[in-house]
Amino acid sequence: MLSLFLDFKRQVTVALENALYTLGLKTDDLGLEPSQHADIASKVAFRLAAQTKSNPMEIAERIVAAIELPENSLIGEIITVGPYINITVGRNYLEKTVKRITQEQESFGGGFCNGKILIEHTSANPNGPLHVGHIRNSVIGDTLVRILKKAGYEVDTHYYVNDMGRQIAIVSWAFSRFDFDSSKKPDHAIADVYIKANALLNEDPGKVSEIDKLMQLVENGDQSTIKSFDDAVALAISGIKQTLLRMNIIHDSFPHESSFVRSGAVFRIIEEIKATGRTKDDNGALVVDLSDYGFEKTMVIQRSDGTSLYTTRDLAYHEWKGKYGDRIIDVLGADHKLISGQLKATLNSIGKPEPEVVIFEFVSLPEGSMSTRRGKFIPADDLLEQIEQGAYLEVDRRRPQMPEKFKKEVASMVGIGAVRYDIVKVSPEKSTVFDWKDALDFEKQGAPFIQYSHARACNILNKAQDEGKWDMGYQADLSLLTEDTEVSLIKKMAAFDSIIDICARDLKPHTIAVYARELAEAFNQFYRFVPVVSAEEENIRASRLALVNCARIVLANSLDTLGIDAPESM
RNA sequence: GGUCCCGUGGCUUAGCCAGGAUAUAGCAUCGGGCUUCUAACCCGAGGGUCGGGGGUUCGAAUCCCUCCGGGAUCGCCA
């Protein structure tokens with residue numbers, strides 16, 4: 001169903017274009033934009049000032065005078081402020097919004113897109129636990145998944161498992177030399193031996209040839225080596241899955257790199273690339289020339305010992321994805337900027353669909369960049385543990401009389417929500433430095449603020465129900481919702497679907513985070529300004545309860561899109 | 001050194017791609033508000049050379065050039 005806001009915008013466009021036609025004017029840009037001064041504003045007078053050789057203010061006046069609105073328009077008022085044309089929504093728009101939210105409930109705000117999307121995110125190497133940098137990928141990726149699903153797409157989420165790279169060879173090699181602590185969470189135990197092995201390889205570079213040998217064995221299908229790789233990978237992935245699940249993140253499938261070697265897909269795609277004539281031999285390695293795509297350096301797709309690289313296997317993986325998805329999306333760290341550009345160029349050169357790549361910049365530590373290999377990282381599990389403990393103290397302080405189970409559940413929802421919100425609210429292209437004090441700060445107006453607003457709405461509805469003052473079926477008189485705080489709350493709720501639409505198109509998940517916060521703010525302002533359950537007149541009380549119910553729904557939908565739980569009480 | 005990303009009040013940050021109305025919020029600071037639906041809230045105040053300098057334009061945080069600072073990357077790692 002078309003978004004009411006977009007419908008409103010469309011009506012504004014038609015009204016303005018008709019007015020311009022009447023005046024004998026023409027432009028291809030109405031300059032429509034959201035504005036703090038109106039629900040939508042047009043800068044078209046600026047565009048036409050030169051054309052008509054008159055000043056913009058005058059043009060604006062003439063345009064507004066020429067506008068004719070049809071019956072039942074969603075448009076309310078159209079006025080000029082200097083050269084700007086400011087348009088506000090009408091009662092029709094506001095009342096339709098409340099009706100629609102009440103009807104559509106959880107499905108409100110989406111369902112306008114269709115098609116299949118394959119999205120890949122996280123895909124961290126299975127050589128240790130996820131750290132606080134990896135989960136930026138996970139949270140951005142999972143939020144995109146939720147946005148795209150909300151928009152109406154069928155979404156398949158992948159974690160691409162590197163089960164045959166050098167890192168995994170080192171892990172497998174480490175297993176034969178160091179004790180594996182099976183009392184630990186498996187991904188953490190893997191990191192322990194991986195770090196030791198790297199230290200040893202550093203001291204004794206002669207042992208590197210043993211790693212190379214393992215990689216060749218795996219590529220050539222040696223069963224026992226493959227099994228030792230697989231066992232290590234499975235252990236790491238099982239731990240990683242636990243961490244992701246704790247953050248409300250689930251992948252539909254875990255395609256393994258090795259499957260593209262063993263199926264012959266890697267061999268076939270190398271042949272396809274060779275057929276373009278852009279490959280050449282470089283000291284025994286096979287390289288691709290992408291200079292016509294703006295890449296000065298060639299890209300290696302086969303080592304001189306004949307084994308494949310991550311890049312090659314990734315090409316085969318993307319070729320496969322291109323067959324099954326209408327849109328292919330990869331969420332990757334900034335270190336993949338160059339390689340993903342080369343990947344896209346190579347796919348393009350053999351006529352295959354290219355992925356849309358969402359790049360996020362790195363999370364570093366105050367002392368420098370993180371490294372699993374050197375053991376310099378903060379595991380995501382540590383962060384989640386500490387934040388939940390911090391959240392528990394807060395809940396215990398505020399609701400001491402509540403049972404233990406309640407406190408634990410709320411602490412978990414609030415803690416995880418705070419982590420997810422803190423990550424997703426920052427736009428991906430900013431690099432960040434992890435700071436414990438900041439990460440554990442509950443005073444910021446983040447997820448708990450939004451969750452609390454939702455709990456507050458639930459609480460009002462519960463109270464009204466207990467007092468026999470609320471009945472879902474009651475037809476509220478929506479024309480009574482005229483207070484400023486009521487109107488701005490409705491406008492904010494109405495914007496939800498257009499925000500989803502923008503997020504799904506631009507793949508910018510931080511937009512929905514900002515929106516959710518603003519929605520909570522609008523609801524809190526309403527809550528402070530007007531009484532609901534205690535409203536004197538019954539029909540006013542009923543209309544406000546209908547509004548609170550809408551707020552509850554849209555807050556819940558927003559939180560769900562952010563992958564944050566919406567507590568009914570906290 | 002080449003290429004890409006970032007630089008916005010003390011700190012964090014929106015807006016930049018599609019240039020326009022007093023530059024957006026949060027934290028922190030200061031002041032006000034709980035006999036009234038959970039104050040994890042609300043209202044208000046102070047605080048900004050939008051990294052520096054040029055340019056384009058009637059108009060630049062936004063586009064172009066240049067310099068400075070931070071991050072990423074520059075073939076047989078992923």
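Naming convention: chains lettered A, B, ... in sequence-line order (proteins, then strands); numbering from 1 in each chain.
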By the 4.0 Å heavy-atom rule, please label [X] as base, sugar-phosphate, or nothing.
| X | value |
| --- | --- |
| A:F529 | nothing |
| A:N283 | base |
| A:A41 | base |
| A:G165 | sugar-phosphate |
| A:V530 | base |
| A:Q342 | nothing |
| A:A285 | base |
| A:K43 | base |
| A:D305 | nothing |
| A:R313 | sugar-phosphate |
| A:R398 | base |
| A:A535 | nothing |
| A:V414 | base |
| A:K337 | base |

Residue [X], side-chain heavy atoms: nucleotide from [options] that is nearest:
| X | options | result |
| --- | --- | --- |
| A:S369 | B:A21, B:A72, B:C37 | B:A72 |
| A:V287 | B:G75, B:A72, B:G20 | B:G75 |
| A:E296 | B:G2, B:A21, B:C37 | B:G2 |
| A:E361 | B:C37, B:C5, B:G26 | B:C5 |
| A:E429 | B:C43, B:A28, B:C5 | B:C5 |
| A:D282 | B:G33, B:G75, B:A72 | B:G75 |
| A:E394 | B:A40, B:C77, B:C37 | B:A40 |
| A:M570 | B:A40, B:A78, B:C37 | B:A40 |
| A:K430 | B:C77, B:C6, B:G20 | B:C6 |
| A:H336 | B:C4, B:A78, B:C42 | B:A78 |

Is the phosphate of [N], meaning OP1 or OP2, less than 4.0 Å from a side-chain N or O of [X]?
| X | N | result |
| --- | --- | --- |
| A:R166 | B:C77 | yes |
| A:S427 | B:A14 | yes |
| A:Q451 | B:A40 | no |
| A:R456 | B:C41 | no |
| A:Y527 | B:A39 | yes |
| A:Y310 | B:A78 | no |

Inset, instruction - Return the minimal non-hydrogen interatomic distance between A:A535 and A:R541, and the atom names on each side. - result: O-NH1, 3.3 Å
Inset, instruction - Give the minimum heavy-atom separation between A:L480 and A:S543, together with the two atoms involved. - result: CB-OG, 3.9 Å
If I pick the [atom1] atom on [M] and the same atom on [N], what distance separates them, to the nearest angstrom?
| N | M | atom1 | answer |
| --- | --- | --- | --- |
| B:G19 | B:U57 | C1' | 9 Å |
| B:U13 | B:G7 | P | 9 Å |
| B:A28 | B:U12 | C1' | 11 Å |
| B:G20 | B:G59 | P | 14 Å |

Got a salt bridge between [X] and [Y], using NZ or NE/NH1/NH2 to carboxylate O under 4.0 Å?
| X | Y | answer |
| --- | --- | --- |
| A:E367 | A:K376 | no |
| A:D441 | A:K437 | no |
| A:R397 | A:E394 | yes |
| A:R544 | A:E537 | no |

Euclidean distance, atom [atom1] of residue [X] to atom [atom2] of [N] [Å, nearest integer]:
| X | N | atom1 | atom2 | answer |
| --- | --- | --- | --- | --- |
| A:F362 | B:G70 | CZ | P | 18 Å |
| A:L338 | B:U3 | CG | P | 13 Å |
| A:D422 | B:G26 | CG | C1' | 11 Å |
| A:I450 | B:A25 | CD1 | C1' | 13 Å |
| A:L489 | B:C42 | CG | C1' | 15 Å |

If we call it a pair only when both distances are under 3.5 Å in a Watson-Crick or G-U wobble match, what pairs with [N]?
| N | value |
| --- | --- |
| B:A61 | none |
| B:C27 | B:G10 |
| B:G1 | B:C74 |

Inset, instruction - Give a yes or no answer on whether the side chain of A:N162 reaches the backbone of A:M164 with a donor-acceptor pair at less than 3.5 Å. - result: yes
Inset, instruction - Say whether, by atom type as modelled, one donor and one acceptor occur between the side chain of A:R399 and the main chain of A:M570 under 3.5 angstrom. - result: yes
Legend entry - Syn-anti status, with the boundary at 90° from 0, for the nucleotide B:G75: syn
Legend entry - Under 3.5 Å donor-acceptor pair, A:S35 side-chain atoms to B:A21 base atoms: yes
Inset, instruction - Mark yes or no for a side-chain to base donor-acceptor pair under 3.5 Å between A:N86 and B:A21, with no hydrogen or angle criteria applied. - result: yes
Inset, instruction - For A:D330 and A:H336, test the side chains for any donor-to-acceptor distance below 3.5 angstrom and give the result as yes or no. - result: no
Legend entry - Short side-chain donor-acceptor distance under 3.5 Å, A:E61 and A:T80: yes
Legend entry - Steps toward side chain to side chain contact (heavy atoms under 4.5 Å, CB included) verdict (A:F229, A:D163): CA-CA 7 Å; A:F229 274 43; A:D163 61 340; 5.9 Å; no
Inset, instruction - Within residues 509-518 of chain A, find the residues that approach RNA chain B with a heavy atom at under 4.0 Å, and present them sorted by residue number. - result: A:H510, A:R517
Legend entry - A:Y527 six-ring face occupied by A:R456 cation (under 6.0 Å, within 45°): yes
Inset, instruction - Could you say whether the aromatic ring of A:F46 and the base of B:G20 stack, counting only centre distances under 5.5 Å and plane angles under 30°? - result: yes
Inset, instruction - Please indicate yes or no: is the ring centre of A:Y84 less than 5.5 Å from the centre of the six-membered base ring of B:A21, with the two planes inclined by under 30 degrees? - result: yes
